[in-house]
Novice: 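Sharing a structure below in C-alpha cells format, with a few things to ask.
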Amino acid sequence: MSVFTLEAFLAILGLLLLIVEAFAPQISRRTIAAVSLGGTALALVLFLTVASHAPDSLPSFCTPWMRLDSLALFYKGFFLVTTLVVLWLTSECASYLGKYTLEGRLNELYSLPLIVCAAMMWMAAAQDLVTVFVALELVTVSFYVLVAFARKSNLALEAGVKYLILGALSTGVLVFGIAWIYGATGTLSFDGIAKALTAADLNKSPVLLGAAFLLAGLGFKVAAAPFQSWVPDVYQGAPIPVTTFLSVGSKAAGFVVLTRTVDALTVEHSVVGPEVKGLLLILGALTVLLGSLPAMFQQSVKRLLGYSSISHAGYLLLALACVGSTRSGMNASGIVAFYLATYLPMTVLSFLVLALLRVQGSGEDIRDFRGLAKRNPFLAFIMTLSLASLAGLPLTAGFMGKLFVFVGLVDQAYWGALVCAAIGAAAGFYYYFRAIVSMYSPEASAQEPIKLAMPTRVIASALAAAIIILGLYPKPLQQILSQPPEVAAKAAH
Amino acid sequence: MSPLEIVILLPLLAALAVGFGAPVRVFSVGSALINLGLVVGLVLNFSATGADKSGYAYASARTVLENPAISFAVGADGVSLILTLLTVLVAFAAVWQISAEKPVIYHIAAQLITAGAMGAFLCTDVFFLYAFHELALIPTLLMIALHGHGDEEHRRAVAWKTTVYLGAGSLVLLAGLAWMVLEYSGGQKLTFDLTALKAQAAASPLPVEKQASIAFVLLLGFGTLVSLFPLHSWAAPAYASAPTPIAMLHSGVLKKFGLYGLFRVALPLLPQGFQQPWVHQALLFMLLGNILIMGLVTIHQKRLDDVLANSSVMHMGYIFLALAAGTEVALRGAVLLMFAHGVCIALLFSLAGRLRSQLGTLELAKLGGLGSHAPAFTVLFAFGAFASIGLPGLANFAGEVMVFIGSFQSFGAGSFGPLQWAVVLALWGVVMSAVYMLRAYRAIFQGSAQAGLFMTDPAISQRLPLIVLAAVLLVAGCCPWLLLGLMKTDLATVVETASSAVQEAAKAAPAASH
Amino acid sequence: MPPLLFYLFALITLGFGLNVVIARNPVTSALSLAVSFVGLAALFLSLDAYFIGTLQVLVYAGAVMVLFLFIIMLMDIKAEVLGGRANLSAMVAGVLVAAILAVQIATVSGRLSQSEATLQTAPLQLSEAAKSWEARGKQNLPTISRDLKAGNLPDAKLMGETLFSKYAFHLQMVGLLLLVGTVGVVALSKRDKEASPS
Amino acid sequence: MITLNHYLIVSGILFSLGLAGVISRRNILIIFMCLEMMLSAANLALVAFSRFNVTQGLPDYTAQALVFFTITVAAAEVAVGLAIIVALFRTKQSVEVEAVTKLHG
C-alpha cells in the first residue's frame with residue numbers, strides 16, 4: 001500500500017460521510033464523529049507503518065508533479081496528527097457548538113476536515129504550481145465553509161465574510177504571481193523554475209515581481225504581514241476547532257508550499273536569491289512585530305492567540321530566510337518543520353483549554369481565566385505549560401524552536417531581523433505571562449470546579465508531554481529533519 | 001543516573017505530586033528532608049573522594065542535541081556543592097514553615113524554585129544553567145504578583161517592576177551568554193558545554209577587548225539578578241512584599257545564582273575580561289554603590305522587612321569585591337560568604353514573616369519589648385542579626401575577613417591602587433551593618449511593648465528548622481574549614497589563569513607608558 | 001488579429017472594468033463586469049486560446065455573472081451612498097495603490113526577454129507539432145495529428161488531452177472542490193426551521 | 001504590431017483596477033466582483049505567456065490547464081462566497097463593509 005492510497009481513503013471517507021449526512025439523516029452525530037475520528041486514527045497508524053517501510057512508492061501517474069521526500073513525509077504525518085486532534089476537539093466542543101449551527105448539525109465539521117487533510121497531504125508532496133494551486137484552493141474553499149459554519153453566531157458570519165474576501169484576494173494575487181513566474185521562467189514545476197533561475201542572462205525584475213506576488217499570496221495562508229489583519233477577527237469568530245485547524249494546519253500547509261517555493265527561488269546561483277531572502281526577512285520581521293505588539297493590549301484570549309499566531313508566522317518566515325544556514329544542524333526547511341512540530345502541541349493545548357472553558361459556559365477573556373488553578377489544577381497546569389512554551393521559555397518545546405531560528409539568524413548575520421525577533425520575544429513574555437497570572441489569581445470568576453473526561457485527560461497529557469519532551473530531548477526530531485530531502489527522492493528514482 | 005540528577009528531579013516531582021493533589025506536607029516537606037539528607041551525604045562523600053579529572057564529581061551527561069551541542073550535563077565541584085547545600089537547607093526551612101492554611105501553590109512554587117536553583121548550580125551546560133534559573137524565576141514572580149504582602153495595587157506594581165528588571169536582566173544575560181558561546185565556537189559547531197568551552201578558552205583565548213566587552217554584558221546580566229548597584233532597585237520592594245518562603249528562597253538562594261554564574265562561567269572563560277581597567281573600575285564603582293549607598297539607605301528604613309531587604313542588597317557588594325580582586329583567598333571567602341549570607345538572611349526573613357503574621361506590622365517604631373515575651377525567638381533573631389553584622393564565631397565573619405584580606409593583598413601587591421581604596425571604603429559597610437542591625441534588634445526586643453503587640457515563642461516543631469539554620473551559622477563560623485576544604489582546587493585554576501593574565505597586563509602597562 | 005480589433009477589445013475590457021469599480025449601482029457593476037469579461041474572452045481568442053475564451057464566456061460572463069445579478073436582485077441592494085471621510089481616504093488609497101502597481105507592472109513587462117515578441121515572430125508550427133505527435137507512437141491521438149497536419153489548431157482537443165492525461169488527478173481534485181462548494185452552499189444558505197418565518 | 005507587452009499591460013491594468021475596487025469600495029458584492037476581475041487579469045497574463053511560450057510548435061497547454069482550474073475554482077468560490085454574503089445579509093440587512101467591522105477588539 002502506498003501513502004497515496006491513504007490520502008484517497010481519507011478523501012473518500014469524507015465524501016461518504018457527506019453522502020450519509022444527505023441521505024440518511026437519522027444516523028446520529030456520535031456515530032459520524034466516531035467514524036471520522038476512527039478513520040483518521042486508522043490512517044495515522046497506517047501512515048506510520050507505510051512511512052517507515054516503503055516511503056517512496058507513488059503511483060506512476062503522479063510522479064510528474066508529486067514527489068515523496070522526507071519533508072513531504074514529515075508534513076503528511078503532521079497534517080494527520082493535526083486533523084486527528086481537530087476532530088477530537090470538535091467532539092469536545094459539540095455541546096456548545098451545536099447551539100450556533102443550523103438545527104444543531106455538526107456533520108460537515110466532521111467530514112470536511114478529512115477532505116482538507118487529504119488536500120493538505122497532497123500539497124505536501126506537490127512538485128509543481130498547478131498541483132499546489134488546486135490543493136490549496138480545495139483547502140481554502142473548505143475553510144470558507146468551516147469558518148462560517150456556526151452561522152447563528154454573528155461573529156462567525158463576520159469572520160466568514162472577512163476570511164472569504166481576503167482569501168479570494170490572496171487567490172488572485174497568488175495566480176498573478178504564478179503567471180509572472182511562469183512567464184519569466186517558462187515552467188510551472190519547482191525543479192524547472194530552479195533550473196531556469198540559474199541562467200545568468202535571465203532578467204531579474206519579472207521573476208521578482210512574480211515572486212513578490214507569490215509570497216504575498218502564500219503569506220495569507222500562513223498569516224504573514226501584508227495579509228495578517230484577518231487573523232485575529234477570524235480566530236475570534238470561527239468555532240474553536242476550526243480556529244485550531246486554521247492556526248496549525250493551514251499555517252503548516254502554507255509553509256510547506258512556501259518552503260518549496262523559496263527553495264526553488266533561492267537555489268544556488270539563483271539570480272534572485274538575495275532579493276527573495278531580503279523580502280522574507282522584511283516580511284518576517286514585520287510580521288513578528290505586527291503580531292507581538294498589538295497582542296499586548298488584548299483582552300480576549302482567543303484574539304491573543306490570534307496575534308500570537310501571527311508572530312509565530314513571523315519567526316517561521318525568518319527561519320525560512322536563513323536558507324543556506326547549516327549551523328543549527330538543519331537547513332531552513334528543517335528549522336521551519338521543527339518549529340511547526342513544536343507549535344502544534346502548544347497551540348492545540350491552549351485552544352483545548354479555551355474550548356473546555358467555553359463548554360462550561362465561561363467566556364474567552366483573560367479575566368475569565370481567573371481562578372482556573374482552583375477550578376481545575378490540571379487545566380491550569382497544561383495551560384501554563386503551553387503558554388510558557390508559546391512564550392519560548394527554556395525547557396519547553398517553544399524555546400528549542402526559537403533557538404534554532406535565532407541560531408540561523410546569527411549565522412547569517414541578519415542583525416536587524418534578530419533585533420525585531422528579540423523585541424517580539426520580549427513582548428511575548430509580557431502577554432503570555434499576563435494570562436498565566438490571571439489563572440493563578442485568587443479571585444475567581446466562577447467557582448464551580450471543571451470535570452474532565454478520561455480521554456480528554458489522556459490526550460491533553462500526551463500533548464503536554466510532547467511539549468516537555470521536545471523541549472528536553474529534541475535530538476530525534478532534529479535527526480529526522482536533518483536528512484537532506486534528496487535522500488528519499490533518490491530512492492524514488 | 002547521577003545522584004545529582006535525583007537531587008534536581010526530586011523537588012520537581014514533589015511539585016507535580018502536590019499540584020495533582022498528593023498530601024501536601026508529606027510530599028513537600030518529605031522531599032525537602034530527603035533532599036537535605038542526600039546532599040549532606042554527597043558533601044561528606046565529596047570531601048572523602050574529591051573530584052575526578054574533569055574537575056567535577058558525580059558528573060554525567062545526556063546529549064540533548066548534537067548540533068548545536070547541548071547536553072543535560074551535571075557535575076559538582078566544591079563551589080556548586082556548597083551552594084547546593086545552602087539550597088537544600090533553606091528549602092527545608094522555607095517549606096517547613098509554610099502554615100497549613102496557605103494554598104497549595106506556596107509549596108509548588110517553593111519546590112519549583114528549589115529545583116530551578118539546584119539545576120542552575122549543578123548543570124555544567126550553559127544552556128541548562130540558564131534554563132533552570134528561568135524555571136526558578138517564574139514562580140517567584142508569580143508568587144509576588146498573586147500572594148505578596150500589601151494591597152493589590154502596590155503588589156501589582158512591585159511584581160511588574162521585578163518582572164521587568166529580572167526579565168530584562170535575563171534577556172541581557174542570554175544575549176551575553178549567546179555572544180560568548182558564538183565567539184568561542186568560531187566557525188565550528190556551537191557548543192554549550194562548559195568543559196568544552198573552557199578547553200576552547202584555554203587553547204585560543206579571545207582578544208582582551210572582546211573579553212572585556214562580553215564580561216561587561218555578563219556583569220550587567222548577572223548583576224541585575226544579584227541586584228548590583230544601579231540595577232538593584234527591584235530587590236528591596238520585591239523581598240519586602242514577597243511571601244515569606246519566597247523571600248527566603250529568593251534572597252537566600254536564587255539570588256546567589258548571579259554570583260555563581262559569574263564565578264562559574266564568566267571568570268574561567270573570560271579571565272582577562274574583568275581585569276581590563278574600564279570593566280574593573282566600573283565594577284568597583286558599582287560595588288561601592290552597593291555597600292555605601294545601600295548601607296546608608298538601609299540605615300534610614302523604618303520597617304524590619306525593608307531593613308532586611310536592603311541589607312541583603314548591600315551585602316552583595318562584598319562578594320563583588322572578591323570578584324574584582326580575583327585572588328584565591330578572596331574568591332573562596334566570597335563563596336563562604338554566599339553560603340553564610342544565604343543562611344542568615346533566610347533565617348531573618350523567616351522570623352520577620354512570623355512577626356508579621358502574629359503582630360500584623362513590622363514598623364520598628366511600633367514594636368518593642370519582645371525579648372521578655374519570646375526568649376527563644378529573640379535568641380534566634382540574635383543569631384541572624386549578629387551573623388549579618390559579621391560577629392566572629394558566626395559564619396559571615398570568616399567569609400568577610402577572607403574577602404577583605406584577599407582583596408587588600410591582591411595582585412598588584414605593594415601598590416596601593418583603586419582596589420585597596422575600595423577595600424578601605426568597603427570596611428565602613430561593616431560599621432553600617434552594625435548600626436542598622438543593632439538598631440532594629442533594640443527596637444524590636446528591648447524597651448516596652450505597645451498595647452496588643454505581644455507575641456509568644458513559636459512551638460518547638462516550628463522552631464526546628466530555624467534552630468538548624470542557626471546551628472549551621474554557628475558551625476560554619478567556628479569551623480569554616482569544613483566548607484573551605486571542599487573547594488581546594490576548583491577556584492585555584494581560575495585564579496591562576498586570571499592572575500597570569502593580569503601580571504602580563506601589568507607588565508605591558510609600564511611598557512606602553514614609556 | 002488586427003491591431004485595431006485588439007485595441008477595441010482591450011478598451012471594452014478595461015473601460016467596462018473601470019465602470020465596475022466606479023458605478024454606484026451594483027446592477028450596473030455586474031452588467032459591466034459581464035461585458036468586460038466578453039471583451040476579455042475576445043482577447044483570449046486572439047491568443048489562439050479558443051477553449052479558454054469559450055469557457056470565459058460560458059462560465060464567467062454566463063453563469064457567474066448571472067449568479068451575481070440574481071443575488072443582487074434577490075437582496076434588493078440599493079446604490080451605495082458615496083461620501084464620508086473614511087470613504088474618501090479609501091478611494092484615494094485605492095487609486096494610488098492601483099496606479100503605482102499598474103506602472104510597476106508595465107515597466108517590468110517591458111523587461112521580459114520576450115516582451116517585443118508578436119504573434120508573427122512567435123508563430124505556431126503546426127506541421128512540426130504534427131510530426132512530434134506522430135512520433136509519440138502509442139500515445140499519439142490520430143484526431144489531433146490529423147488536425148495539425150491539416151493546418152488547424154485543435155485547441156479543445158489539446159486542452160482535453162492535457163487535462164485528462166497529465167492533470168487527470170487534478171481534475172478529480174477540482175471535482176471534489178466543486179462538491180465541497182455545493183455542500184457548503186447548502187449548509188450555509190438553508191433556512192433555519194426554528195427561526196420565525198419573517 | 002501587438003506584442004506580448006500589450007497583453008501584459010492590459011492584464012496589469014485590469015488587475016490594478018480590481019485592486020483599486022477592493023480597497024476603495026464598501027459594498028461587499030462589488031468587492032467580490034473586483035476580486036473576480038483580478039483573477040481574470042491573472043488568467044489573461046497566463047494565457048498570453050502560454051501562447052508566447054511555444055513548445056514543440058504549440059502553445060504551452062500546462063499553463064492553459066491552470067487557467068481552466070482557476071476558472072473552475074473561481075466559480076466554486078463565487079458560489080460559496082455568495083452563500084456566505086446572503087447569510088450575512090439575512091442577519092444584518094446590509095452588505096456594506098461596516099457590517100463586518102464589529103470584531104475590532
Side-chain angles (χ1 to χ4, degrees), chain C residues 3 6 10 13-14 17-18 20-21 26 29-30 33 40 43-44 47-49 52 55 59 64 67-68 71-72 75 77 80 87 90-91 93-95 97-98 101-102 105-106 109-110 114-118 122 124-126 128-129 132 158-159 162-163 167 170 174 177-178 181 184-185 188-189, chain D residues 1-10 12-27 29-30 33-34 36-37 40 43-44 47-48 50-52 54 56-59 61-62 64-65 67-69 71-80 82-87 89 95:
Chain C
F6 170 83
T13 310
L14 296 180
L18 182 65
V20 176
V21 178
S29 285
L33 191 58
L40 197 62
L43 291 180
F44 285 154
L47 286 164
D48 295 329
I52 298 291
L55 214 59
V59 177
V64 169
L67 199 57
F68 264 108
I71 295 296
I72 293 169
M75 297 201 273
I77 294 166
E80 192 173 328
N87 205 18
M91 276 179 184
V95 170
V97 170
L101 188 65
I105 294 172
S109 80
Q114 289 182 306
S115 70
E116 293 308 316
T118 65
L124 299 178
Q125 287 148 331
L126 298 182
E128 274 176 35
S132 68
L158 284 167
M159 193 75 202
T162 316
L163 282 180
Y167 291 123
H170 300 65
V174 169
L177 189 150
L178 287 174
V185 170
L188 291 174
S189 53
Chain D
M1 284 310 282
I2 305 305
T3 62
L4 171 60
N5 210 356
H6 286 78
Y7 285 102
L8 292 181
I9 290 175
V10 171
I13 295 178
L14 195 61
F15 190 84
S16 314
L17 272 177
L19 190 60
V22 172
I23 296 173
S24 58
R25 293 304 296 254
R26 286 189 304 167
N27 186 321
L29 274 170
I30 293 182
M33 288 184 215
C34 291
E36 295 309 311
M37 215 154 85
S40 298
N43 282 347
L44 178 60
V47 171
S50 100
R51 170 61 185 81
F52 284 89
V54 180
Q56 293 182 323
L58 294 171
Y61 274 93
T62 40
Q64 293 208 15
V67 176
F68 174 85
F69 292 132
I71 292 177
T72 325
V73 165
E77 210 170 56
V78 166
V80 177
L82 288 179
I84 296 175
I85 293 174
V86 168
F89 182 77
V95 288

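Letters go in sequence order (proteins before strands), and every chain restarts at 1.
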Novice: Below 4.5 Å from any heavy atom of chain C, which atoms of D/Leu17 appear? Answer side chain, backbone, both or neither.
Specialist: both

Novice: I'd like to know which of D/Ala65, D/Ala20, D/Gly57, D/Gly18 tops the heavy-atom pair count under 4.5 Å against chain C.
Specialist: D/Gly57

Novice: For D/Glu77, is it the side chain, the backbone, both or neither that has a heavy atom under 4.5 Å from a heavy atom of chain C?
Specialist: neither

Novice: Identify which part of D/Leu19 has an atom lying under 4.5 Å from any heavy atom of chain C, answering side chain, backbone, both or neither.
Specialist: side chain

Novice: Under a 3.5 Å distance rule, please check whether D/Arg25 uses its side chain to pair with a backbone N or O of C/Val21 as donor and acceptor.
Specialist: yes

Novice: Let's test your reading of the structure: which of C/Val64, C/Val97, C/Leu14, C/Leu178 forms the most heavy-atom pairs below 4.5 Å with chain D?
Specialist: C/Leu14

Novice: Which atoms of D/Ser50 come close to chain C, meaning under 4.5 Å heavy atom to heavy atom: side chain ones, backbone ones, both, or neither?
Specialist: neither

Novice: Could you give the distance from CE (C/Met75) to CG (D/Leu82), rounded to the nearest 0.5 Å?
Specialist: 7.0 Å

Novice: Determine the option with the most heavy-atom pairs under 4.5 angstrom with chain C, choosing from D/Ile84, D/Val78, D/Val73.
Specialist: D/Val78

Novice: Which atoms of D/Val80 come close to chain C, meaning under 4.5 Å heavy atom to heavy atom: side chain ones, backbone ones, both, or neither?
Specialist: both

Novice: Of all of D/Val47, D/Val54, D/Ile9, which one pairs up most often with chain C through heavy atoms under 4.5 Å apart?
Specialist: D/Val47

Novice: Mind telling me whether D/Phe52 and D/Tyr7 have parallel, tilted or perpendicular rings, with 30° and 60° as the class edges?
Specialist: tilted

Novice: If you count heavy-atom pairs under 4.5 Å between each of D/Leu14, D/Asn5, D/Leu44 and chain C, which one has the most?
Specialist: D/Asn5

Novice: With a 4.5 Å limit on heavy-atom distance, are the side chains of D/Asn43 and D/Ile71 in contact?
Specialist: yes

Novice: Could you measure the distance from the CG atom of C/Leu124 to the CG atom of D/Leu58? Nearest 0.5 Å is fine.
Specialist: 6.5 Å

Novice: For chain C, which of D/Ala79, D/Ala87, D/Ala48, D/Ser40 has the most heavy-atom pairs under 4.5 Å?
Specialist: D/Ser40

Novice: Please name all residues satisfying side-chain contact (heavy atoms from CB on, under 4.5 Å) with C/Ser29, sequence neighbours left out, ordered by chain then number.
Specialist: C/Val20, C/Ala23, D/Ile30, D/Met33

Novice: Using 0.5 Å steps for rounding, measure from the CD1 atom of D/Ile85 to the OG atom of C/Ser189.
Specialist: 12.5 Å

